[in-house]
Amino acid sequence: MQVRNALLAAVAFTLVAGNAQAADEVVVYSSRIDELIKPVFDAYTAKTGVKVKFITDKEAPLMQRIKAEGENGVADLLITVDAGNLWQAEQMGILQPFASATVDANIPAQYRSSTHAWTGLSLRARTIVYSTERVKPEELSTYEALADANWEGRLCLRTSKKVYNQSLTATLIETHGADKAEQIVKGWVNNLATDVFADDNSVIQAVDAGQCDVGIVNTYYYGRMHKANPGLRAKLFWPNQNDRGVHVNLSGVGVTKHAPHAEAAKKLVEWMTTPEAQGLFAEINQEFPANPQVKPSAEVAAWGSFKADSLPVEVAGKRQAEAIRLMDRAGWN
């Protein structure tokens, strides 16, 4: 950990020392995998000549680093996944409001902060994955129904420690109230086929292998796995189509409070919401564009269309602490 932090600090120092206050660059702290974001930055540099320098790490260390750097901050932008994380960054006071007519026109309000602290860049649905060998699609209906007794010993879940599940639970609280949401989550826990998994890939693999019949995962994990293995014996199902819709979350970006290149950073954010950049996100990440004018990739489109939950995604942050306490009470490890 100390070695990693020292390397991160060295990179940050190099970014500052080598290019202090240059107007033709933007520095990004990103929790996204390099290969998922670098092509977007390269396209922007090719288009504008503005260099985009970035370092990657987990979201928590990056947010703490921005806070610790304060007025001597290096990063202009924070890019991370899940509205819960973006909400936390906003509450830490490390982002500055950025009102933009371009962003407002390109990204629906439900995928942006109500205070203009951040905006979504790409979307992912957290939906049901099921075994094509042991489950018929007509047996599935809603997230809530996975708590029913007929799914006992058939459900697989990722750990509650991951923000993706915390955000899903937060929306259950917002929709049903805390008591009903806790009843649903307890039902899920009672129906587990095995201990919770560390990641979504393991959930999909467990469904494919017959360890469980259904699970809950982010769509892009399925997309990447299915692309590598077209014979996957698991398929996605869109729940809650007769009521509120599928839970959708996002990856997003915010301008840091003490951004050295704030104006250049804002221009990059605006460009990342345009059809040109959104098309890149869609092709590279197996995610849905946050800009509704842009179509998803052919792979993603093949999963079929669905109605998304219209709840503002910042609810995931507002109710995150409550969701974590509920999951603990329910025994979701």
Side-chain angles (χ1 to χ4, degrees), residues 4-5 7-83 85-90 92-98 100 102-103 106-107 112-113 116-122 250-274 276-278 280-281 284-285 287 290:
R4 188 196 68 183
N5 288 342
L7 288 172
L8 191 61
V11 172
F13 176 80
T14 300
L15 289 171
V16 174
N19 300 278
Q21 302 300 316
D24 58 347
E25 71 174 26
V26 177
V27 177
V28 182
Y29 282 6
S30 170
S31 69
R32 305 228 63 181
I33 301 170
D34 288 9
E35 56 262 33
L36 299 184
I37 197 70
K38 187 177 184 298
V40 177
F41 294 154
D42 288 346
Y44 186 70
T45 298
K47 180 181 180 69
T48 66
V50 176
K51 297 178 181 178
V52 182
K53 299 189 176 183
F54 66 100
I55 57 174
T56 56
D57 199 353
K58 298 294 185 182
E59 55 271 2
L62 290 176
M63 290 191 287
Q64 288 297 332
R65 177 166 292 278
I66 293 170
K67 187 174 182 66
E69 289 173 347
E71 294 182 1
N72 298 315
V74 174
D76 299 299
L77 296 176
L78 171 68
I79 290 180
T80 189
V81 294
D82 202 278
N85 287 328
L86 290 161
W87 169 264
Q88 288 299 324
E90 181 180 348
M92 289 170 66
I94 62 174
L95 303 178
Q96 61 172 278
F98 167 38
S100 164
T102 299
V103 173
N106 289 333
I107 308 298
R112 294 184 271 113
S113 163
H116 304 287
W118 48 265
T119 183
L121 293 176
S122 58
L250 46 77
S251 71
V253 60
V255 180
T256 62
K257 183 176 182 179
H258 300 290
H261 320 104
E263 293 308 310
K266 292 172 182 178
K267 289 179 182 178
L268 173 56
V269 171
E270 290 182 331
W271 178 79
M272 286 193 291
T273 69
T274 64
E276 180 181 2
Q278 288 284 295
L280 289 173
F281 277 113
I284 297 165
N285 296 345
E287 293 177 312

Evaluation steps, side chain to side chain contact (heavy atoms under 4.5 Å, CB included), between Gln88 and Glu59: CA-CA 10 Å; Gln88 288 299 324; Glu59 55 271 2; over 6 Å; no
[atom2] on [Y] to [atom1] on [X], rounded to 0.5 Å:
X	Y	atom1	atom2	answer
Leu36	Phe281	CG	CZ	10.0 Å
Leu86	Leu78	CG	CG	7.0 Å
Arg65	Asp57	CZ	CG	8.0 Å
Asp34	Phe41	CG	CZ	9.5 Å
Thr119	Phe98	OG1	CZ	9.0 Å

Would you say the side-chain atoms of [X] pair up with the backbone N or O of [Y], donor to acceptor, closer than 3.5 Å?
X	Y	result
Arg32	Ile79	no
Asp76	Val26	no
Glu25	Val52	no
Gln278	Ala290	yes
Glu69	Val74	yes
Gln96	Ala117	no

Determine the minimum heavy-atom distance between [X] and [Y], stating which atoms define it.
X	Y	value
Ser31	Lys58	CB-C, 4.2 Å
Ile37	Ser30	CG2-OG, 4.3 Å
Glu71	His258	CG-CE1, 3.5 Å
Leu95	Ala89	CD1-CB, 3.9 Å
Pro39	Leu280	O-CD1, 4.4 Å
Gly120	Leu250	CA-CD2, 3.9 Å

Indicate yes or no: at least one non-hydrogen side-chain atom of [X] is less than 4.5 angstrom from one of [Y].
X	Y	value
Trp271	Thr102	no
Lys266	Ser100	no
Thr80	Leu62	no
Met272	Tyr44	no
Thr56	Ile33	no
Met63	Tyr29	no

CA sep, side-chain torsions, deciding dist, call: Asn106, Thr274, side chain to side chain contact (heavy atoms under 4.5 Å, CB included): CA-CA 7 Å; Asn106 289 333; Thr274 64; 4.1 Å; yes
Candidate pair Val50 and Leu268, rule side chain to side chain contact (heavy atoms under 4.5 Å, CB included), full reasoning: CA-CA 9 Å; Val50 176; Leu268 173 56; over 6 Å; no
Trace of the side chain to side chain contact (heavy atoms under 4.5 Å, CB included) decision for Ile94 with Thr256: CA-CA 6 Å; Ile94 62 174; Thr256 62; 6.0 Å; no
Salt bridge present between Glu270 and Lys267 (N-O < 4.0 angstrom):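 Answer for the salt bridge query: no.
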Over 12 foreign heavy atoms within 6.0 Å of NZ, Lys257: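 Open.
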